[in-house]
Amino acid sequence: MSGTPILHCDLDAFYASVEQILDPSLAGRPVLVGGGVVVAASYEARAFGISAPMNVRRALERCPDAVVVSGSFGEYSDYSDRVMEILRDFTPLLEQISIDEAFLDVSGSIHLLGTPADIAREIRRRVKAETGLPISIGVASSKFLAKVASAAAKPDGLLVVDPSDEIAWLHSLPVRVIWGIGPVTERKLHDHGIQTVGELAATPVDALGRWLGPGAGHHLHALAWNRDPRPVQTTRRAKSIGAQSALGRGLTDPEELSGVLLHLADRVGTRMRKKHKVGKTFTLRVRFEDMTSATRATTFDAPLNTTAAIHRAAMTLLDDARSDHDGPLTLVGIAMSKLADEGAIQMELALDDGDVSHAGSVAADHQSEIDRQIDRARERFGRDVVGRASDLLNKDRRRVDDGFRKLAERD
DNA sequence: TCTGGGGTCCTAGGACCC
DNA sequence: TCTGGGGTCCTAGGACCC
Ligand SMILES: [Mg+2]
Ligand SMILES: [Mg+2]
């Protein structure tokens, strides 16, 4: 609908394909990556009805000859980087959405590189030649439809959706292909007699709103007509950093749980420190034997990233997270969010007479917060105020307000 | 011998502020 | 006596994606 030609590039059976390259004896054979559960299955394995996340035992019952490998995540990350570098040769307008997928806005590349279909063919050729990996590409007029197209193109294929018959094609597909419709929403739609995207498109948006909530109803109705204005976003930053661990049959002992949580806290803390991130909010998630789960969160006065503080937060919330449900835990997970760059930011305000005053500091990547504070200062002083941020210390928002108060008094 | 580990986004109520 | 409205932050739950 946006009219801009978008490519969605998605590596096929990514982890399994990398394993087949690392060990050529696996080429052409059914390969399963995973431990308790299949994380990725090669297309040879998928022919036996295997797909993620299937239990490895069940998968081996279906395909006893499958080779199970535990996974080489460092290698996957390296291959991912190499592929993304190739994609970047075609346009800087690239949005990586997972380890093996990216959107490319090629509207500015056509003049130089040919039609979107030409570009897609060349990408597929180069990725295969330079990494050995099969990559499928969908080309369409929106991110949403390009993603649907790449899935339809698999394996190792290219699908260009012509804008003149994109709606007819989209409407012929089952609702489940829509990005955002999972098992629960699919079931709800089936309950109302809706099987295809065309039937979804023909359903009044009010009805969808009643069944799915107004937000989801509106969103899905728009997608059913390929109305998807979301632009390719080249600058996305991680919003949370987390780790989790399944606990087999389950753990009850607080000492043991503390040990697992310490391990998770150290994983998360180490990764945060490596990325020079601090986080203000901590979330603990626990899962019980019946697969229900509970989460508890807490927000710190100041952002942090130390293993000890994260572990302390986890232990503080643990009892409460278990309070509504008896029995052992089958999974614990933690995450840090409200991330900011370590070292953070100091905000300065300049009045229109050129006088500069320290006005406190805010979390580093909260540009909207900085803009808001500047607007407030403009209102208070009734004249032009310019905000400036530089990386210094990270303190609380109260400091900003204190700064404003001092400025106001001096004024 | 059901369901790993990494994430994103949405909703909704209460607190709090203006 | 019964009481506005908007905005943001925080927490909890849930759906979904790879
Ligand atoms: Mg893929
Ligand atoms: Mg993918």
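Every chain is numbered from 1, with letters handed out A, B, ... down the list of sequences.
- As rounded to whole Å, 18 Å separates atom C1' of B/dG7 from atom OH of A/Tyr76.
- Spacing of C1' atoms, B/dT1 relative to C/dC18, comes out at 26 Å, to the nearest Å.
- To the nearest whole angstrom, the two C1' atoms, one in C/dA15 and one in B/dT3, are 16 Å apart.
- Ring centroid separation for the pair A/Trp179 and A/His219 does not come in under the 6.0 Å cut-off.
- Of the possible donor and acceptor atoms, one in the side chain of A/Arg46 sits under 3.5 Å from a partner among the backbone N and O of A/Ala41.
- More than 12 heavy atoms of other shown residues, nucleotides or ligands fall within 6.0 angstrom of atom CZ in A/Arg230.
- Crowding of A/His171 atom NE2: a count of heavy atoms from other residues, nucleotides or ligands under 6.0 Å exceeding 12.
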Extract from the structure each pairing of a protein N or O with an N or O of nucleotides 2-5 of chain B at less than 3.5 Å, listing the distance.
| residue | atom | partner | partner atom | Å |
| --- | --- | --- | --- | --- |
| B/dG4 | OP2 | A/Arg287 | NH1 | 3.2 |
| B/dG4 | OP2 | A/Arg287 | NH2 | 3.2 |
| B/dG5 | OP2 | A/Ala246 | N | 2.6 |

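- Under the 4.0 Å criterion applied to side-chain N and carboxylate O atoms, A/Glu289 and A/Arg249 are not assigned as salt-bridge partners.
- Other residues, nucleotides and ligands contribute over 12 non-hydrogen atoms within 6.0 Å of the CG atom of A/Asp290.
- By the 4.5 Å heavy-atom criterion applied to side chains, A/Phe90 and A/Ser109 are not counted as neighbours.
- Within 4.0 Å of A/Arg285, counting heavy atoms only, lies no atom of the nucleic acid at all.
- Looking at A/Asp162, A/Asn226, A/Thr4 one by one, the single match for side chain to side chain donor-acceptor pair (under 3.5 Å) with A/Ser141 turns out to be A/Asn226.
- For A/Phe144, the ring-ring contact (aromatic ring centres under 6.0 Å, His included) test picks out no residue, with sequence neighbours left out.
- At the heavy-atom level, A/Ile178 lies under 4.0 Å from the strands shown only through sugar-phosphate atoms.
- Of the residues in residues 251-264 of chain A, none has a non-hydrogen atom less than 4.0 angstrom from any atom of DNA chain C.
- Note on the helix from B/dG5-C/dC18 to B/dC18-C/dG5: angle between the axes of the first and last five pairs equals 10°, rounded to 10 degrees.
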Inset, instruction - Summarise how protein sits on nucleotides 8-16 of chain B as a single string, 5' to 3': B when a protein heavy atom is under 4.0 Å from the base, S for sugar-phosphate-only contact, - for no contact. - result: SS-S-----
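- Counting any heavy atom pair closer than 4.0 Å across all strands shown, A/Asp10 reaches no nucleic acid atom.
- Residue-level contact check: A/Ile181 touches the backbone only, with heavy atoms under 4.0 Å from sugar-phosphate atoms and none from bases.
- Taking atom C1' on both C/dC17 and B/dG4, the two are 14 Å apart, rounded to the nearest angstrom.
- Residue pairs meeting the ring-ring contact (aromatic ring centres under 6.0 Å, His included) criterion with at least one partner in residues 275-294 of chain A, sequence neighbours excluded, are A/Phe288-A/His325.
- Side-chain atoms of A/Arg273 come within 3.5 Å of backbone N or O of A/Asn305 as a donor-acceptor pair.
- In summary, the aromatic rings of A/Tyr15 and A/Phe73 are positioned with their centroids under 6.0 Å apart.
- A/Phe103 carries A/Lys143 over the face of its six-membered ring, with the cationic atom under 6.0 Å from the centre and within 45° of the normal.
- A/Thr185 comes within contact range of the sugar-phosphate backbone alone, with a heavy-atom separation under 4.0 Å but no base atom that close.
- One interatomic measurement links the two molecules: CZ of A/Phe73 to P of B/dG7, which rounds to 12 Å at whole-angstrom precision.
- Computed from coordinates, the A/Phe103 CZ to C/dC17 P distance equals 13 Å when rounded to whole Å.
- Between A/Lys280 and A/Asp301, none of the side-chain N atoms (NZ, or NE/NH1/NH2) sits under 4.0 Å from a carboxylate O, so this pair counts as no salt bridge.
- Using a 4.0 Å heavy-atom cutoff across all strands shown, A/Lys147 reaches sugar-phosphate atoms only and no base atom.
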